Amino acid sequence: MKNYDHKGIEKKWQDFWTKNKIYTTPDSAPKKDNFYLLVEFPYPSGNLHVGHWYAFAVPDILARYHRMQGKNVLYPIGFDAFGLPAENAAIKNKLNPRKWTEGNIAYMKKQIQSMGTSFDWSREVVTCDPSYYKWTQWLFLQLYKRGLVYQKETAVNWCPKDKTVLANEQVVDGKCERCDTEVEQRQMLQWNIKITDYADRLIEDLEPLNWPEQIKESQRNWIGRSEGAEIDFPLEMGKKYKFVYLHGYKSKADRPRNHWYRAGLEALGHEVIIPDLPNSNNPVEEEQVKIAIEATDYDENTVLIGHSLGAVVAMKALQKMNKKIARLVLIAPTIDPAFPGAEERPFHKTFKWDIDYELLKKLAPNRLLLSDLKEPEVRINYIRHLAPKLDAQLVETHATQEHFTGDKEPDVLMWLRPTIRVFTTRSDTLFGATYLVLAPEHQFIRQFYTSQTSLNKAEVQQYVNTALKRSDLERQTDQKNKTGVRLEGVSAMNPATGEKVPLYVADYVLGHYGTGAIMAVPAHDERDHEFAEKFGLPIREVVEPLVVATSGFDAIHQDEPFQERNSIIAIVKHWSEDKYICLAWKPAEWKGFVVGGIEKGEDAIAAGVREIVEETGYQKPTFIRQLGGTIHDKFYHTIKRVNTFAHFTPLLFQLEDGTHVDIADTEKDLHDVHWVDADKVANFVNSRDIKVAWARVSGKNIYTGEGILSNSGTFSGLMTEEGRKQMAEKFGRTKKMYKLRDWIVSRQRYWGVPIPMIHCEKCGIVPVPDKDLPVELPEVKDYLPEGSGKSPLAKVKKFVDTACPKCGGKAKRETDTLDTFVDSSWYFLRYTDPKNPKAFASKAKQAKWMPINLYSGGAEHTTMHLLYSRFWHKALYDMGLVADAEPYTRRMNRSIILGPDGQKMSKSHGNVIDPDEVVARLGADTVRMYLAFVGPYNEVSSFPWNPDGVVGVRRFLERVWRLQEKVGTEDAGALSSALHKAIKKVGEDIAAQKFNTAISQLMILLNDMEKRESLSRNEWTTFLRLLAPFAPHMAEELWSSAGNKKSIHVQKWPQYDEKYLVDEEVTYGIQIDGKTRDEVRVPTDADKETVEKAARDVVAARLEGKTIKRTIVVPKRLVNFVLET
RNA sequence: GGGCAGGUGGCGAAAUUGGUAGACGCGCAUGGCUUAGGACCAUGUCCCGCAAGGGGUUGGGAGUUCGAGUCUCCCCCUGCCCACCA
């Protein structure tokens, strides 16, 4: 027997496999099911690292196993070949990025092939190949045609020195990676993809997927849906408007409510014009519109209001004038006669509803509809139908009198003024909103405020300028230090309380989330609280905490009634030291302060004093202060044995001195009294309500949880959850918001897919026609950016100058390239039909393989790549280009291999393992198998590379090699029971991707076989087939030496027989009182009585003189004797 | 601050899902074989004990159970991702 020479063997068989094309996968094979196993394709960085081995060689075990199980397995590979490193290398070393990339691909291909993986190279896909990116462009244009692609001014990282746009990873600590210059934010027109349109579906379609829950959860978090409300706060500001109010049918200017509106608006300094519209009882459109137009000069300071039929007059008048105004407000507009269910009205003959909503939208940038919920349903419905047509803010409310005809209609007046819209998830705390905060980017600041005379315009502008320059990173590291500036001369009205509240601009509010404005509730939000403290703003509590015992010793009993009681919590401070009285209840685990009920005719303080004396014996408590509002608690009273709903008034006392009288025995039996140091109280007490009360002593903890509303007008007493619904309805609208933002796909880079768009002087944006695809990346002289922020492509005149495909006139090509996440959003489709020149992949071939059975990849792609490609697939699905809404049936994230020192492998740590070196020394089979053995493959976990561990696997393989000496030539006899067990276990473990335990079973099998005198040929070749997925080269060599001609990798996985899995005898553990004392071997088929008797005999000495209360026999496991105590 | 995942020998890890904790491998120790060995073979490797035997043990504490690494509650610690998301 020769020694195990891995080098010779691996080379020999790799060549053999390639030559015989054993891994070339047909689209279908007779009597075989297709199985699509996908691994993330690599970026061709130039050198393979251990991570690549882990990513490709371990799933290869699975691919080989499924093949041996009779499946037609597609296990493809390619290269994600566009991207920044190639461009950086090109700039640095004056190379051609294509040549650099292609060189790397050629080198890495050899390395990957050295792993002995079963990739089908005939299906290789390379994203920078024009035959590939032609289809990237084509798919992008399909999305464009579907309305999913748009251009938008977006902030980018800009290095003022290098005059270039920087990717996020090129910004280090807010500075340019290359020249260390401070990075600025700069607005640029960029291509975006509307992934947010799919946010809900991306969340909902996760549900049925067979993915690990954590991956689903992090996708949901990334999308970040939150359900809340939008609420409008009317502004009172220095800016003066001219209000024109048009009354309705059978009405007139001289009505009490009109005078009242006038007074309200004039009080704020506005001008108010209320014309009498002619023939109010028999109105004619032309006459009324004429008078409305002549009422005044309309300009961009005019607010046009129409009530009822006046709303129609207002729309028609505005349409006719075709002048821009500030705002259009329609109060309970008259129903269009064409609307289903509209009643017939006398003026239908003299009015026409030919309204140009698009024009109105242009003329009035701000539109508001007021609807009275007391009115008949048909009008409410009509206004709901009108709102989206006008794209108007719809306010549904309860008027003082139906149809807003009361003498005073406060809701109407409130909404006549300009508003700030906020998004909140806590609309229930609206009564506690004592100020508003706008993000520095907020449009109100740009459009209105800075253009008006205001008291501190310069200060605000300066703040906004510096805030906008601050990078996200700076904002982050400075979270505890809130800054901001008040907007002087303007205030908003809290729509719930009617109070004036101040406005601030502060960068703790984000411009890109929600509406860019918040209502601040300092009593129940920690950030707002911090800001309010700093700026001396009022803090109003509107939520009384309610805690509920859902688990633990005092968990409430379902379906039992609650007994309510008013009680106190008395926190008692020591007379001289910083410690407090805590009580530990003896009958239960409860630990807290002095608590007790308030008796009839007693006030809270008196109850507190009484309870302190009764429960602690201390005689001289002095009341200090009440610690905020009531704290509610629902729990099961373990002594009184009843569900309790307690309302605690928290009180702070201090003892005057240590005067103390022994307490009653009945009290002593109930609890122990402890003096606890202030800093240990929080850990000592274990009751929810007590913890809330204690937090108020320091005053630093803000209650942000659920509870019962207080100080909230008619809403007081409601549960916060219910209040949230009701207030959102009454004062705003419910609204879903997402953290997910649209996908910016523009890159100002050379080495990417050119965006196939043309900018025509006449026609605007024109997509490149399909017949002109691909738009090929031209050669350029150098890869430095062009200087104005455009990509190096902008310097290539031949590329840029083109003719418009529509009109043939002068036009310029788009010079941005696509984000590489676009390339990788569909590569798996191309594998199914990699050479197709007519389509990105034919439907027939897709159908053979999609959706993917298993996608294995790195945890770093859990959110972005996975989300982008899921979105992309859904968009294609909606266009009928793919057959499934989801591309990946299963997804698994693999673990991570660390350096030998337990640190992440990196050059700076000096702990990088070079796989080529290890392979040269120990062989590819050893490395593959070691990586599979080191730990569970699909866990959020990491394993250090252990150089000794690798040697151990090598040792295993050498022992296998030596085993061939024991093999006879006869196929005599049945397989051993150990072999049957291994066939089952190894197979099941591979299928479950538990490669580590599969290998340990092979080791157990080897240990067993080594002990044998000889092995039959049949046993030997069976063993080799089990080994084949792990060590494909060695298995093939030994298989061939055993006289086989065909490759082992096209063989069938061996079969096991159930009857050989069962041993003749089993060992039972013998326990006494649950402690293992001994063991006994009994025939496998022995009945309970036999087992029990055998066990009893073994431990007879121990059982002497004891009485057995109970015996538990767990078949094939153990016998437990429970003794009488 | 939020979300997720974890915590088992000297180390990487197993544990039929509530049933003899530590399979398998590494390391270490002793012995054998050897000119040598980072090779190979055998035995051992939680603690006390020569042994028979006894005791302990899955981050800490409590609970449920005949029986808990596994279930429940409280606390502590570590890693990853996100982070002023209203």
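The model shown is predicted, which means the values in this text are computed figures rather than measured ones. So you know, we letter chains A, B, ... as the sequences are listed, proteins then strands, and number each from 1.
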Original post:
If the C1' atom of B:A52 is compared with that of B:A5, how far apart are they to the nearest Å?
Top reply: 47 Å

**OP:** Using a 4.0 Å heavy-atom cut-off across all strands, classify A:Gly935 as base, sugar-phosphate, or nothing.
**Re:** nothing

Original post:
Where the side chain of A:Ile1004 is concerned, which of B:A23, B:U20, B:G53 is the nearest nucleotide?
Top reply: B:A23

Subject >> Distance, P atom - from B:G38 to B:C46, rounded to whole angstrom >> reply: 25 Å

Original post:
Between A:Arg959 and A:Glu1010, is there a salt bridge with N-O shorter than 4.0 Å?
Top reply: yes

Original post:
Any side-chain donor-acceptor pair under 3.5 Å between A:Tyr508 and A:Thr483?
Top reply: no

Original post:
Say you pick atom C1' in B:G79 and the same atom in B:G18; how far apart are they, in whole Å?
Top reply: 29 Å

Subject >> A:Arg962 side-chain proximity, nearest of B:C41, B:C26, B:C66 >> reply: B:C41

**OP:** Name the nucleic acid region contacted by A:Gln1071, choosing base, sugar-phosphate or nothing; use a 4.0 angstrom heavy-atom cut-off, strictly under.
**Re:** base

Original post:
Does the base of B:C84 carry an N or O that pairs as donor and acceptor with the side chain of A:Lys482 under 3.5 Å?
Top reply: yes

Original post:
RNA chain B: A:Asp528 or A:Glu1010, which has the more 5' nearest nucleotide?
Top reply: A:Glu1010

Original post:
What distance, rounded to whole Å, do you find between the two C1' atoms, one in B:G56 and one in B:C77?
Top reply: 24 Å

Original post:
Should A:Arg426 be listed as having a side-chain N or O under 4.0 Å from OP1 or OP2 of B:A86?
Top reply: no

Subject >> For B:G9, glycosidic torsion class - syn if within 90° of 0, otherwise anti >> reply: syn

Original post:
When the nearest nucleotide of RNA chain B is assigned to A:Gln214 and to A:Ile1070 on a heavy-atom basis, which residue is associated with the more 5' position?
Top reply: A:Gln214

**OP:** Give a yes-or-no answer on whether the side chains of A:Ser977 and A:Tyr1056 include a donor-acceptor pair shorter than 3.5 Å.
**Re:** no

Subject >> OP1 or OP2 of B:A21 under 4.0 Å from side-chain N/O of A:Thr1076 >> reply: yes

Subject >> Assigned glycosidic conformation for B:U17 [threshold 90° from 0] >> reply: syn

Original post:
At under 4.0 Å between heavy atoms, what does A:Arg225 touch on the DNA or RNA strands: base, sugar-phosphate, or nothing?
Top reply: nothing

Original post:
Which value, in whole Å, describes the distance between the C1' atoms of nucleotides B:A14 and B:C84?
Top reply: 45 Å

Subject >> B:A23 to B:C74 separation - P atoms, rounded to the nearest Å >> reply: 34 Å

**OP:** Go through B:A86, B:C66, B:C82 for me and flag the one nearest to the A:Thr425 side chain.
**Re:** B:A86

Original post:
What integer number of Å spans the C1' atoms of B:G3 and B:G67?
Top reply: 36 Å

Subject >> Donor-acceptor side-chain pairing of A:Arg1081 and A:Thr1067 below 3.5 angstrom >> reply: yes

Subject >> Whole-Å distance separating the CG atom of A:Leu510 from the C1' atom of B:A86 >> reply: 9 Å

Original post:
Is the shortest side-chain N/O distance from A:Arg955 to OP1 or OP2 of B:G25 below 4.0 Å?
Top reply: no

Original post:
Does A:Lys994 have a side-chain nitrogen or oxygen under 4.0 Å from the phosphate oxygens OP1 or OP2 of B:A15?
Top reply: yes

Original post:
Hey, is the side chain of A:Arg921 poking within less than 4.0 Å of OP1 or OP2 on B:G38, counting only N and O atoms?
Top reply: no

Subject >> Spacing of CD1 belonging to A:Ile223 relative to CZ belonging to A:Arg741, to within rounding of 0.5 Å >> reply: 15.0 Å

**OP:** Using a heavy-atom cut-off of under 4.0 Å over every strand shown, decide if A:Phe933 touches base, sugar-phosphate, or nothing.
**Re:** base

**OP:** Look at all strands and tell whether A:Ser218 reaches a base, only sugar-phosphate, or nothing, counting heavy atoms closer than 4.0 Å.
**Re:** nothing

**OP:** Give the minimum heavy-atom separation between A:Gly432 and A:Val542, together with the two atoms involved.
**Re:** N-CG1, 3.5 Å

Original post:
Looking only at atom C1', what distance separates B:C66 and B:G61, rounded to whole Å?
Top reply: 23 Å

Original post:
Could you give the CD-to-C1' distance, from A:Glu1079 to B:U20, as a whole number of Å?
Top reply: 7 Å

Original post:
Base, sugar-phosphate, or nothing for A:Val1114, non-hydrogen atoms under 4.0 angstrom?
Top reply: base

Original post:
Closer than 4.0 Å, any side-chain N/O of A:Asn1007 to the OP1 or OP2 of B:G25?
Top reply: yes

Original post:
Using a cut-off of 4.0 Å on non-hydrogen atoms, how would the nucleic acid contact of A:Thr1067 be classed: base, sugar-phosphate, or nothing?
Top reply: base

Original post:
Taking CZ from A:Phe943 and P from B:G12, how many angstroms apart are they, rounded to a whole number?
Top reply: 10 Å

**OP:** Taking atom types as modelled, find out whether A:Gln903 and A:Asn911 have a side-chain donor-acceptor pair closer than 3.5 angstrom.
**Re:** no

Original post:
Does the base of B:C26 carry an N or O that pairs as donor and acceptor with the side chain of A:Asp948 under 3.5 Å?
Top reply: no

Original post:
Are any of A:Arg1077's side-chain N or O atoms less than 4.0 Å away from OP1 or OP2 of B:G55?
Top reply: yes

Original post:
When you check the phosphate oxygens OP1 and OP2 of B:A14, does a side-chain N or O of A:Asn996 lie under 4.0 Å from one of them?
Top reply: yes

**OP:** Please assess A:Tyr930 against A:Trp945 for the test ring-ring contact (aromatic ring centres under 6.0 Å, His included), listing each intermediate value before the final yes or no.
**Re:** CA-CA 9 Å; A:Tyr930 170 67; A:Trp945 176 279; 5.0 Å; yes

Original post:
Using a cut-off of less than 4.0 Å, is there contact between a side-chain N or O of A:Tyr513 and OP1 or OP2 of B:A86?
Top reply: yes

